[in-house]
A.B. asks: 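The structure follows.
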Protein chains: 2
Amino acid sequence: MALAAMTSSRRTSRPTLSDIARALDLSEATVSRALRGSPIISEQTRTDVARVARELGYVPNAAARSLARQASHTLGLLVPDVTDPVHGMIVAGFGQAAAAAGYTVLMLDGVREDRRRASALRTLREHQAQGVAFCSAPVSPEEAAEALRPAHAVFVLPEWTGADAEDRPLGRIRADDAVGIHLLVEHLLATGRQRFSYVNGPDIASNRLRRGSILRALEAQHVEPRIREFSASLDRAEIDAVARLAARERPDVLMCYDDKLALHLLDALRNVGLRVPQDVAVTGFDGIPFAAVANPRLTTIEQPAEQMGARAAEALIAAIESGAPPQDQLLPVRLAVRESSLSGRAGNG
Amino acid sequence: MALAAMTSSRRTSRPTLSDIARALDLSEATVSRALRGSPIISEQTRTDVARVARELGYVPNAAARSLARQASHTLGLLVPDVTDPVHGMIVAGFGQAAAAAGYTVLMLDGVREDRRRASALRTLREHQAQGVAFCSAPVSPEEAAEALRPAHAVFVLPEWTGADAEDRPLGRIRADDAVGIHLLVEHLLATGRQRFSYVNGPDIASNRLRRGSILRALEAQHVEPRIREFSASLDRAEIDAVARLAARERPDVLMCYDDKLALHLLDALRNVGLRVPQDVAVTGFDGIPFAAVANPRLTTIEQPAEQMGARAAEALIAAIESGAPPQDQLLPVRLAVRESSLSGRAGNG
DNA sequence: TTGTAAGCGTTATCAA
DNA sequence: TTGATAACGCTTACAA
């Protein structure tokens, strides 16, 4: 008996329920109940168990619990690139909300790469994730279905808008890009800009959506949507090319897919001698912190990224615990007007 | 029998080993061995099992495996703030290296806050993390010990340099700050800067270390270490105060704790009318991507942050699998000279 | 209020 | 080469 006890405590070197039970001469079942605050346990037992658990430094084993309960209390979060400020904020918000609700997060990064995405999905299945959020990730319907099997899913940014979206336990958390863009276009028109151009980001849904919103916003303002489009990923050569084109064509505004792109473009414009905002206005999208301290400070549409992450986790958890599919949500954005789009043009057209 | 099968497959809705075993009329043990490529399995059985597993969409249950093997294959990563570019890169590198080695990462954010740090450590114990990395996190010796119990630990940035470091299974992954700072000081002296000042970041070990290195580097260059220190967290009011002080005292250089601080200071200096680098040089530390496109582009010391994360994971895994404590590592840095520290001073002293 | 025992999905030990 | 069987640590009927 004593030997068994030693052996068992040596083997894992972590105290278990049965260590507590043995110390108090109780059954494991009673200890388990006491630890989780079951109402049918006597006050005496409860305090005894709590004390011994503390003394022993007992912490429940998540794997065992997951197995016994048939619930992992684990959420998956798929991210294309954690080093991106927006994704970082989503991750932060998601993690905080999940932790607050007692859920563990498996954050898998780099899922733009096929192999890593596949491995991430497999990891989530192995760990029996009860819900998964796709953060701006290009997931195919097949993959989504695969990831979901019995789980719930939420798309934080609307990368996937598959036709069969209705059949699946999906929810979408989005920022109200359209409204933000409407405000932005209004502001730009008000400051006298006329020849608009849009600088495309990578060819993903959010880029297409923003681009579409710009066209619609211009129409709504009865501006002929004479929009010149430029294409640039974050590849530096492409951005330089856009800057050179802009120097030649002289649009009034360069509306960029996102802040990161805009900040790099600002740098490229400096190289070709175009002044912002005197020669051309530049706007971003997202509201990342560095946009506020760029030189010139960048006009942008601020998304509540951290809140979006938190909402995603909450939606997932609510869905898991209620059994109902996660709810869609549309969060408000805010236009931050800064130097890069001020009027006072030098008039070059 | 058929009923039992249905019941069992309904209950979890995920196929298990026994589903495969039943389908092929084999034992679970054999299926388990076949799946993991045990050499003592017949070719026939192996292919049969693989086929059925694929058909059924079988994925092993991590919780069950962790329990049976007494090894979670899980690593913990404690991060103060994922939205910080440096931390983001560490997280990215760590995650990639861990995944490549078949380990799952539990990334816990916001651990600067006491409560979240405590909860993070508990989560890691619950999940039986076999190793944990503290990324620039202010951990107390007690907490570290608590986190470690039977696990291994690596400190990615040297926040904790406790006296009893020797007794514990610790390893430190650091960038060679001292060398970088030496190069930086040399460069600044070569461009004619004389009155140095250091802008302190938060009062954490890495700040103290960088500060110390600057003093030593100045001494080594036989420059009287007349260094004026300023204090600024990322609180905007403090940064503005530093800018005003700088406008009054006119040091030749403002060496900042890190890039983030430097970028904000650049903005503040613009407000008080100080030109960089004509009136004062500004340098950062870390080499975050936005430093390269700031206006003026920021001179900085580039740390291989992503590589540091990867090394941390690798060191942890090596330690786990060999049983030896993790190895210390010192990674090289690189001085990136950019506009913010160019010579051509307007001569104001 | 507490205990007994079965089970969760794997792996590992021993036999066969 | 394969099969029983006993863990792994916890939860949960069902009994007492």
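Per chain, numbering begins at 1; letters A, B, ... match sequence-line order.
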A.B. asks: Distance check needed: D:dG3 P versus B:Ile20 CD1, whole Å only.
C.D. replies: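 Roughly 14 Å, once rounded to whole Å.
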A.B. asks: Side chain of B:Asn61: nearest nucleotide among C:dT1, D:dG9, C:dG9?
C.D. replies: C:dG9
A.B. asks: Rounded to the nearest 0.5 Å, how far apart are CD of A:Glu28 and CZ of A:Arg33?
C.D. replies: 11.5 Å
A.B. asks: To the nearest angstrom, how far is A:Asp19 atom CG from D:dC8 atom C1'?
C.D. replies: 13 Å
A.B. asks: Under 4.0 Å, heavy atoms only, any strand: does B:Ile41 hit a base, just the sugar-phosphate, or nothing?
C.D. replies: sugar-phosphate
A.B. asks: Measure from the side chain of A:Leu17, starting at C-beta and using heavy atoms only, and say which of D:dT11, C:dG3, C:dG9 lies closest.
C.D. replies: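 Looking only at side-chain atoms, A:Leu17 lies closest to D:dT11.
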A.B. asks: In whole angstrom, what separates B:Leu35's CG from D:dT2's C1'?
C.D. replies: 16 Å
A.B. asks: In whole angstrom, what separates A:Asp48's CG from C:dT1's C1'?
C.D. replies: 14 Å
A.B. asks: Kindly say whether, by distance alone, the side chain of A:Arg14 makes a donor-acceptor pair under 3.5 Å with the base of D:dG9?
C.D. replies: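 Such a pair does not exist between side chain and base.
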A.B. asks: Whether B:Thr45 contacts D:dT2 is assessed here as follows: a side-chain N or O lying under 4.0 Å from the phosphate OP1 or OP2. Is that the case?
C.D. replies: yes
A.B. asks: Write down the distance between CG (B:Leu67) and P (D:dC10), rounded to a whole number of angstrom.
C.D. replies: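 One finds 9 Å between P of D:dC10 and CG of B:Leu67, rounded.
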A.B. asks: Between atom NE2 in A:His73 and atom P in D:dC10, what is the gap in whole Å?
C.D. replies: 15 Å
A.B. asks: How many angstroms lie between atom OG1 of B:Thr16 and atom CZ of B:Arg14, to the nearest 0.5 angstrom?
C.D. replies: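 B:Thr16 atom OG1 to B:Arg14 atom CZ measures 12.0 Å (nearest 0.5 Å).
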A.B. asks: Name the residue closer to the 5' end of DNA chain D, choosing between B:Ser42 and A:Pro60 according to the nucleotide with the nearest heavy atom.
C.D. replies: B:Ser42
A.B. asks: Considering only D:dT1, D:dG9, C:dT10, which nucleotide approaches the side chain of B:Tyr58 most closely?
C.D. replies: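 Among the listed nucleotides, the one closest to the side chain of B:Tyr58 is C:dT10.
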A.B. asks: A:Thr30 side chain: which of D:dT12, C:dT11, C:dG3 is closest?
C.D. replies: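 So the side chain of A:Thr30 is nearest to C:dG3.
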A.B. asks: Do B:Pro326 and B:Glu314 have side chains that approach each other closer than 4.5 Å (heavy atoms only, starting at C-beta)?
C.D. replies: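 Side-chain contact under 4.5 Å: no.
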A.B. asks: Please state whether the base of C:dG7 and the side chain of A:Arg69 form at least one donor-acceptor pair under 3.5 Å?
C.D. replies: no
A.B. asks: Side chain of A:Ser27 only, heavy atoms from C-beta on: which candidate in C:dG3, D:dC10, C:dG9 is closest?
C.D. replies: C:dG3
A.B. asks: Of the nucleotides C:dG9, D:dG9, C:dA12, which one has an atom closest to the side chain of B:Arg36?
C.D. replies: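 Closest nucleotide to the B:Arg36 side chain: C:dA12.
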A.B. asks: Whether the side chain of B:Ser66 engages the backbone of A:Ala63 through a donor-acceptor N/O pair (distance < 3.5 Å, no angle test) should be reported.
C.D. replies: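 The answer is no, because no donor-acceptor pair under 3.5 Å joins these two groups.
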A.B. asks: For A:Gln70 and C:dG7, what is the distance between atoms CD and C1' respectively, to the nearest whole Å?
C.D. replies: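 For the pair A:Gln70 CD and C:dG7 C1', the rounded distance is 9 Å.
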A.B. asks: Identify, with sequence neighbours excluded, every residue that meets salt bridge (Lys or Arg N to Asp or Glu O under 4.0 Å) alongside A:Asp114.
C.D. replies: A:Arg117
A.B. asks: In whole Å, what is the span from the CD atom of B:Glu126 to the P atom of D:dC10?
C.D. replies: 11 Å
A.B. asks: Let me know, please, whether A:Pro39 or B:Ala64 comes out on the 5' side of the other along DNA chain C by nearest nucleotide.
C.D. replies: A:Pro39
A.B. asks: Checking contacts here: which listed nucleotide (D:dT2, D:dG9, C:dG3) is nearest the side-chain heavy atoms of A:Leu26?
C.D. replies: C:dG3
A.B. asks: When rounded to the nearest 0.5 angstrom, what is the spacing between OG1 in B:Thr104 and NE2 in A:His127?
C.D. replies: 3.0 Å
A.B. asks: Looking only at side-chain atoms of A:Arg33, point me to the closest of C:dG9, D:dG9, C:dG3.
C.D. replies: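 My answer, after comparing the listed nucleotides, is C:dG3.
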A.B. asks: Counting side-chain heavy atoms from C-beta on, which of C:dA12, D:dC10, C:dG9 comes nearest to A:Glu28?
C.D. replies: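 From the listed options, D:dC10 comes nearest.
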